[in-house]
Peer 1: 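Below are the structure tokens for one structure; questions will follow.
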2 protein chains.
Amino acid sequence: MADVKGGPNPLFLREEELRQAMELLFFAYRDFTGEPDQILADYGFGRAHHRVIYFVGRNPGITVSELLAILRITKQSLSRVLGQLVRDGFITQRPGLRDRRQRLLELTDKGRELENKLTEQQRIRIARAYRTAGAEAVEGFRTVLTNIIDEADRGRFERPEAPGKQGAKAAPPKSAARR
Amino acid sequence: MADVKGGPNPLFLREEELRQAMELLFFAYRDFTGEPDQILADYGFGRAHHRVIYFVGRNPGITVSELLAILRITKQSLSRVLGQLVRDGFITQRPGLRDRRQRLLELTDKGRELENKLTEQQRIRIARAYRTAGAEAVEGFRTVLTNIIDEADRGRFERPEAPGKQGAKAAPPKSAARR
DNA sequence: CTTTTACGTCAGCCATGTTGACATATCTAC
DNA sequence: GTAGATATGTCAACATGGCTGACGTAAAAG
């Protein structure tokens, strides 16, 4: 951690730096996801339910395939938790207008309530970290994390002020406007 | 991010900003952990094995309880994967010197080899993101992530140049020097 | 000497991922 | 309008990796 500017072993420093990043990700994700679990347990749900509720809440009218692409799980796995959430009245399905094979997903009021309860602690945690770290650090946080993400999904996080390659994507992905 | 100092709807922007952070974490972690899995499958292992191998490699001589505290799982869960790794010759155990009830864990050569294979892609991914984002962004990334982590574990990531509260912790946690 | 600690183990349960096969409704193209 | 592709669902079986609870042993600590 001393030995900046071409010390005796820059490769070791690089390695150490990379490993610290990996651990930061591990610990941050561990703690970030750790809190909502008790609430979920009260409902007989797990993290998978949380993820589904979250992304349906964020993308009202999302299709099943879009959700699958985000979560990167099989339809059978999704079907299990999604089925429960629909049966228990947290999510509604309705056929697509243009394509009636699709099941457009949306949170019910009950679903929105649970979503809010679940993410509240996470929002507080992030807000605290953002406040403590300051705007400049937040900018760096976003930049690095975006670059860690597979290129295919970076579009979700494009900033309008980005100079250079600003394609034509301002809207989220494809969903959201299919109601 | 626009709309500082009381724009039309600062609360909405804040909410949006926080949700983007949550999603950045989700996608980054999804892609960061996604790659090593094929390699693990070749060995008949899963992600749990990877985590154990990683943290034992990082903290040679770590005790079982320390590992449990990092992973935040039960000893029964750890025992399953750790047992396999020891039996298969990736990790060795030896009794502690001061306290012979402890089993100090260490990677074997075989273990180190696998560790390297597993984290290689992850190191490449982080290195690419760091290079693209630049030193300043990296600094912000570290600052924000550290603040997302539970206070109890932030010590692992303390920087020597940090002004203000620099306690007396320079060495990692407690392990590492117990051989 | 008793209690606490560090670790292990057996047994069973649950959540959540997987593969493979098959069914149905609907859209698209020829 | 029929054939094939697509969106979704479902059944069955299996693996991983969490969990709880109970019990055991060796060593440290009082």
Side-chain angles (χ1 to χ4, degrees), chain A residues 29-30 33-34 36-53 56 61-88 91-105 174-175 178, chain B residues 29-30 33-34 36-56 61-88 91-105 174-175 178:
Chain A
Y29 199 76
R30 180 198 69 177
T33 55
D37 291 19
Q38 289 109 353
I39 303 172
L40 286 160
D42 295 345
Y43 289 78
F45 292 155
R47 279 190 203 170
H49 300 84
H50 187 183
R51 289 195 277 266
V52 170
I53 286 182
V56 170
I62 193 176
T63 67
V64 171
S65 356
E66 285 164 350
L67 196 46
L68 285 175
I70 288 179
L71 299 175
R72 300 244 180 110
I73 58 176
T74 58
K75 63 176 176 174
Q76 294 92 329
S77 296
L78 174 57
S79 163
R80 200 159 32 199
V81 297
L82 183 54
Q84 286 177 266
L85 290 169
V86 169
R87 254 179 275 117
D88 295 357
I91 288 182
T92 55
Q93 298 176 313
R94 66 200 153 76
L97 290 185
R98 285 188 340 214
D99 186 338
R100 286 185 332 224
R101 291 170 304 179
Q102 298 176 328
R103 313 285 172 95
L104 308 191
L105 307 174
K174 304 174 185 177
S175 58
R178 198 191 302 84
Chain B
Y29 198 76
R30 180 197 70 176
T33 56
D37 292 18
Q38 289 109 352
I39 303 172
L40 286 160
D42 294 345
Y43 291 77
F45 292 154
R47 279 190 202 169
H49 300 84
H50 187 183
R51 288 195 277 265
V52 170
I53 286 182
Y54 180 85
F55 284 107
V56 170
I62 193 175
T63 67
V64 171
S65 357
E66 285 165 349
L67 196 48
L68 285 174
I70 288 178
L71 300 175
R72 299 244 180 112
I73 59 176
T74 60
K75 61 175 177 176
Q76 294 92 327
S77 296
L78 174 57
S79 162
R80 202 159 30 198
V81 297
L82 182 54
Q84 285 178 265
L85 290 169
V86 170
R87 252 180 284 130
D88 295 358
I91 289 182
T92 55
Q93 297 174 316
R94 64 197 155 76
L97 290 185
R98 285 190 339 216
D99 185 339
R100 287 186 329 228
R101 291 170 303 179
Q102 298 176 329
R103 316 282 173 95
L104 308 190
L105 307 174
K174 303 175 187 176
S175 58
R178 198 191 301 82

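Remember, it's a predicted structure, so these values are computed and weren't measured experimentally. Below, each value reflects all heavy atoms present in this structure, side chains not excepted, and no hydrogens, waters or symmetry copies.
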Peer 1: When the distance from CG of A:D37 to C1' of D:dG18 is rounded to whole Å, what number comes out?
Peer 2: 11 Å
Peer 1: Look up atom CZ in B:F55 and atom NE2 in B:H50, then write down how far apart they are to the nearest 0.5 Å.
Peer 2: 9.5 Å
Peer 1: OP1 or OP2 of D:dG18 less than 4.0 angstrom from a side-chain nitrogen or oxygen of B:T74, does that happen here?
Peer 2: no
Peer 1: Output the rounded distance in Å from CG (B:L68) to P (D:dG17).
Peer 2: 16 Å
Peer 1: Residues from residues 38-51 of chain B sitting under 4.0 Å of DNA chain C, heavy atoms only?
Peer 2: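 Per residue number, the list is empty: none.
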Peer 1: To the nearest 0.5 Å, what is the distance between CZ on A:R100 and CZ on A:R94?
Peer 2: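 So the gap between those two atoms works out to 14.5 Å.
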Peer 1: Salt bridge (charged side-chain N to carboxylate O under 4.0 Å, His left out) with A:R103: which residues, sequence neighbours excluded?
Peer 2: none
Peer 1: Could you work out, with salt bridge (charged side-chain N to carboxylate O under 4.0 Å, His left out) as the rule, every residue matching A:D99, not counting sequence neighbours?
Peer 2: A:R101
Peer 1: Does anything in residues 75-84 of chain A reach DNA chain C, meaning a heavy atom under 4.0 Å, and if so which residues?
Peer 2: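 Nucleic-acid contacts, sorted: A:Q76, A:S77, A:R80.
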Peer 1: Roughly how many Å is it from CD in B:Q102 to P in D:dA28, rounded to a whole number?
Peer 2: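 Spelled out: CD on B:Q102 to P on D:dA28 is 9 Å.
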Peer 1: Show your reasoning for whether side-chain contact (heavy atoms from CB on, under 4.5 Å) applies to A:L104 and A:L97.
Peer 2: CA-CA 9 Å; A:L104 308 191; A:L97 290 185; over 6 Å; no
Peer 1: Could you work out, with ring pair (Phe, Tyr, Trp, His ring centres under 6.0 Å) as the rule, every residue matching B:Y29, not counting sequence neighbours?
Peer 2: A:Y29
Peer 1: Measuring from atom CD1 of A:I53 to atom CZ of A:F45, what distance do you get when rounded to the nearest 0.5 angstrom?
Peer 2: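 Here the rounded value is 6.0 Å.
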Peer 1: Once you round it to whole Å, what is the distance between P of D:dT25 and CZ of B:R103?
Peer 2: 14 Å
Peer 1: Does any pair with a residue in residues 39-50 of chain B pass salt bridge (Lys or Arg N to Asp or Glu O under 4.0 Å), and if so which ones, sequence neighbours excluded?
Peer 2: B:D37-B:R47
Peer 1: Could you list the donor-acceptor pairs under 3.5 angstrom formed between side-chain atoms of residues 75-86 of chain A and any protein atom two or more places apart in sequence or on another chain?
Peer 2:
unit_1	atom_1	unit_2	atom_2	d
A:S77	OG	A:T74	OG1	3.1
A:Q84	OE1	A:H49	NE2	3.1

Peer 1: When you compare the protein's N or O atoms with those of nucleotides 24-30 of chain C, which come within less than 3.5 Å of each other, and at what distance?
Peer 2:
unit_1	atom_1	unit_2	atom_2	d
C:dT26	O2	A:R101	NH1	3.3
C:dC27	OP1	A:R100	N	3.0

Peer 1: Output the rounded distance in Å from CD (B:E66) to P (C:dT5).
Peer 2: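 One finds 16 Å between P of C:dT5 and CD of B:E66, rounded.
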Peer 1: To the nearest 0.5 Å, what is the distance between CD on A:Q93 and CG on A:L105?
Peer 2: 6.0 Å
Peer 1: Can you name the residues that form a salt bridge (charged side-chain N to carboxylate O under 4.0 Å, His left out) with B:R30, not counting sequence neighbours?
Peer 2: A:D153
Peer 1: Atom CD1 of A:I73 to atom P of C:dT18: distance rounded to whole Å?
Peer 2: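 Nearest whole value for this atom pair: 7 Å.
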